[in-house]
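The structure appears right after this line, and notes come after that.
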Amino acid sequence: MHASSPPTPITAAGRGRSLGRAFHALSLSPRVDVLLRVAGVLGFCAVAAVLGAQFVDPNTRVIQVIAAVLIFGAAWKLDTLSGLCLLLLALPFPRGTSYGSTNIAFILLMLLVWLLRITQLKQSPPRRTPLDAPIVGLLMAYTLSFYNIAKPAYVPWALLNTSLVLASLVLFYMIVNNVRRSADLERLLNFQAFSILLVCLLSIWELNHPFQAFIPGWIDFRHSEASLFGTKGVRVGGPFFDYELLAEYSATSLLLVTYLFLRARSQTRRWMYGLLWLMVLFILFATVTRGAFVALAAGVVYLLWVLRRRISFVKLVLVSGFVVGSVVAMNYYVANFTRSADLLVRLSGSKFRGLIPETRVGIWDVAFERWLEHPLLGHGPYYSLEKGLTYWPWPHNVYLYYANIVGMVGLGFFLWLLWRLWRLSKPRTDDLFHANFATGFLVIGHAMLFVFIVDQVKIDYLRNSIYQVQVWVMFALIVSAHRVSRHEVAPAQELPSLPRAA
C-alpha cells in the first residue's frame with residue numbers, strides 16, 4: 001500500500017480564489033443576470049423619481065443624502081483620485097449642519113474609503129510632505145490657544161473652526177498622496193475647472209436674481225450685501241456669500257484656466273477654456289472688489305517677469321493689448337449692462353495713507369491692539385467681536401487674523417508654511433509648454449500663490465468656512481505638482497517642448 005499524501009492546506013488566498021470562481025459562475029447564470037438587470041432598471045427609475053421630485057420641490061436633507069451616497073459610491077467603486085475629483089465639484093456648495101458642514105462629512109467619507117484601501121494593501125500608505133513641520137506647528141498653536149479663550153460660550157465655535165482646519169488638512173494629504181503622475185494632476189485640474197464653471201454659473205444667477213433663494217434652506221442670497229461703499233447694484237458673492245473672497249477665487253482661477261487653455265490638445269477644449277476664462281473675468285468684475293484686481297495685476301506682472309526670456313517685445317505688446325482691451329471691455333459691459341457697478345471707477349477713487357488703504361487704517365490699528373492682549377498664543381481659534389459696550393472690528397488681514405487667534409507662535413508657523421510653498425512652487429523652468437505637465441503648471445502655481453499672498457493683506461480666508469477648503473486645495477495642487485515634477489523631470493527633459501501658441 002502506498003502512503004497517502006497529506007492533504008494540502010487551504011490558504012486564505014485559495015479560499016478567496018474559490019469564492020471568486022463560485023461568485024463568477026453564479027453571476028453567469030441567466031436567471032441571476034436577468035434579476036440583476038431588473039434590479040438595475042428599478043434602481044435607475046427610483047433615482048430618477050427622487051431627482052425629479054427634488055427638482056420640483058427640493059428638500060435639502062434628501063439632496064445631501066443623495067450627494068453623500070453618490071460620492072461614497074463613486075469613491076468606493078472607482079479609484080480614490082476619481083472620488084477626489086467628484087469631491088471638488090461638491091466642495092463649493094456645502095450646507096451647514098450641527099457638526100459643521102457637509103464638506104466635513106464628505107471629506108471624512110473619502111478618508112474612510114482611502115484608509116480602507118490602505119489597510120487592504122490596494123494603495124500605498126501616505127507619504128511625508130515638505131509641509132509636515134509647519135502644519136504640525138500650526139496645529140500645536142491652535143491647541144495651545146484654547147487656553148486664552150475668554151468665555152465658555154466661545155469654545156464650541158473654536159472647536160468648530162478647528163475641525164474645519166483639520167478637515168482641510170485631511171483633504172490636502174489625500175490629494176497630495178493620490179496625485180502621482182502628470183496625468184493625475186491634469187485630471188484633477190480639469191475637474192477643478194468644472195467646479196469653477198459651477199461657481200460662475202451660480203454667481204451669474206445671483207447677479208440676475210439678487211436677494212432670492214436658489215435652493216431654500218441651502219443656497220440663499222436673501223441676506224446678500226449690496227450698494228456698499230457708494231457703489232450701485234449687486235456685488236456677487238456666489239457660493240461663498242462673500243464678494244471679496246469670490247474675487248480672490250476668480251483671480252487665482254483666471255490664472256489656472258489660462259494654463260489649461262494654453263495646454264489644450266484640441267480646438268474644442270481651447271474654445272471651452274477660452275469661454276470659461278471670459279466667464280471668470282466677468283465674475284471678477286461683478287464682485288466690484290479692488291483688492292483682488294490689484295493683486296491679480298501684480299501677479300500678472302510677476303508672471304511676465306518670470307517668463308521674460310520667452311516673451312519677445314512683439315508678443316509682450318500683443319499680450320498687453322489683449323489684456324487691457326479685455327479689462328476695459330468687460331468693465332464697460334458689467335457697469336452698463338448688468339446690476340453690478342464700475343470697478344475701474346471705484347478703483348480710481350481709492351485713497352491711501354502712505355501705502356495703506358484708507359478703509360483699513362483704523363481697522364488694522366484696532367486688530368493690532370487686540371493682538372497685544374495675548375501676543376504669544378492669541379485669543380483662541382474664534383474671533384469674537386465683543387468688547388464691553390463696543391466691539392472689535394474684523395481685521396481684514398489674514399496675518400493679523402492669525403496673530404489674534406493663535407498669536408505669534410501660530411503666525412510664525414503659517415508664514416513658514418507660505419515660505420515652504422513659495423520655495424516648492426518656484427518653477428524649475430520658465431516654459432509653460434514644458435513636455436512635463438506638472439513642471440509647466442508650477443509656473444502658474446507660483447503666480448497663483450503670489451496673488452494669494454498679496455490679496456490676503458486686505459482680507460482673511462479664515463473668515464469663511466466654504467472658501468477655506470479651496471485655499472488648501474490650491475496648496476495641495478502646488479505640492480503635488482512639485483512632487484510629480486521631481487519624479488518625472490528626467491523623461492520630460494528628453495522630450496522636445498510643445499509648439500508655442502501664437
Side-chain angles (χ1 to χ4, degrees), residues 51 63 66-75 77-95 102-103 106-107 109-110 171-172 174-175 178-179 181-207 214-215 218-219 236-240 245-246 248-284 286 437-438 440-441 444-445 448 466-467 469-478 480-481:
L51 291 177
I63 295 175
I66 293 175
V69 170
L70 288 176
I71 291 176
F72 185 81
K77 193 71 176 177
L78 304 175
D79 58 285
T80 306
L81 183 64
S82 299
L84 290 172
C85 290
L86 292 177
L87 184 60
L88 290 181
L89 304 182
L91 289 178
F93 312 101
R95 183 177 183 271
T102 52
N103 275 348
F106 292 160
I107 291 173
L109 283 175
M110 283 297 309
L171 179 62
F172 167 82
M174 284 195 295
I175 293 176
N178 285 279
V179 175
R181 303 173 301 158
S182 287
D184 298 336
L185 179 64
E186 185 175 4
R187 184 181 176 191
L188 202 67
L189 288 180
N190 285 326
F191 272 86
Q192 179 68 3
F194 192 76
S195 178
I196 294 170
L197 173 63
L198 296 179
V199 170
C200 290
L201 291 176
L202 181 62
S203 302
I204 292 174
W205 188 92
E206 179 193 0
L207 183 62
F214 184 72
I215 299 179
W218 185 359
I219 303 176
V236 296
F240 310 128
L245 293 178
L246 178 62
E248 181 179 279
Y249 177 83
S250 302
T252 55
S253 298
L254 206 63
L255 296 173
L256 189 149
V257 175
T258 300
Y259 183 67
L260 293 176
F261 170 81
L262 295 175
R263 300 287 301 216
R265 296 186 179 90
S266 65
Q267 199 66 23
T268 302
R269 284 194 174 189
R270 185 155 294 188
W271 274 103
M272 292 171 58
Y273 287 128
L275 293 175
L276 179 59
W277 189 91
L278 291 175
M279 190 178 296
V280 176
L281 183 64
F282 171 79
I283 297 302
L284 175 62
F437 183 89
F441 173 74
I444 291 294
M448 291 170 63
I466 304 174
Y467 179 71
V469 184
Q470 300 295 328
V471 172
W472 283 96
V473 169
M474 181 180 68
F475 292 169
L477 292 175
I478 291 174
S480 300

Could you tell me whether the side chain of [Y] reaches within less than 4.5 Å of the side chain of [X], counting heavy atoms only?
X      : Y      : value
Asn103 : Leu171 : no
Met279 : Leu201 : yes
Leu245 : Ile466 : no
Tyr249 : Phe240 : yes

What pair of heavy atoms forms the shortest contact from [X] to [Y], and how long is it?
X      : Y      : value
Leu91  : Gln470 : CB-NE2, 3.7 Å
Tyr259 : Phe441 : OH-N, 3.1 Å
Leu254 : Trp277 : CD1-O, 3.5 Å
Leu202 : Gly238 : CD2-C, 4.5 Å
Pro92  : Pro239 : O-CB, 3.1 Å
Val280 : Cys200 : CG2-SG, 3.8 Å

Quick one: [atom1] on [X] to [atom2] on [Y], what's the gap to the nearest 0.5 Å?
X      : Y      : atom1 : atom2 : value
Ser253 : Leu197 : OG    : CG    : 11.5 Å
Thr102 : Leu109 : OG1   : CG    : 10.5 Å
Ile444 : Thr252 : CD1   : OG1   : 11.5 Å
Ile196 : Leu89  : CD1   : CG    : 11.0 Å

### Task
Check the pair Phe261 / Leu276 against side-chain contact (heavy atoms from CB on, under 4.5 Å), numbers first and verdict last.
CA-CA 9 Å; Phe261 170 81; Leu276 179 59; over 6 Å; no
### Task
Please check if the side chain of Ser203 supplies one atom and the backbone of Val236 the other of a donor-acceptor pair under 3.5 Å.
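Answer holds: no.
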### Message
For Trp472, give me all partners under side-chain hydrogen bond (donor to acceptor under 3.5 Å, both in side chains), at least two apart in sequence or on another chain.
### Response
none
### Task
For Tyr467, check side-chain hydrogen bond (donor to acceptor under 3.5 Å, both in side chains) against everything at least two apart and list the hits.
Glu248
### Stepwise side-chain contact (heavy atoms from CB on, under 4.5 Å) test for Met174 and Ile107
CA-CA 9 Å; Met174 284 195 295; Ile107 291 173; 4.0 Å; yes
Distance-only donor-acceptor pairs under 3.5 Å for side chains of residues 184-194, two or more places apart:
unit_1, atom_1, unit_2, atom_2, d
Asp184, OD1, Arg181, NH2, 3.1
Asp184, OD2, Arg180, N, 3.2
Asp184, OD2, Arg181, N, 3.3
Glu186, OE1, Arg265, NH2, 3.1
Glu186, OE2, Arg265, NH1, 2.7
Arg187, NH2, Ser82, OG, 2.2
Asn190, OD1, Tyr273, OH, 2.4
Asn190, ND2, Glu186, O, 3.1

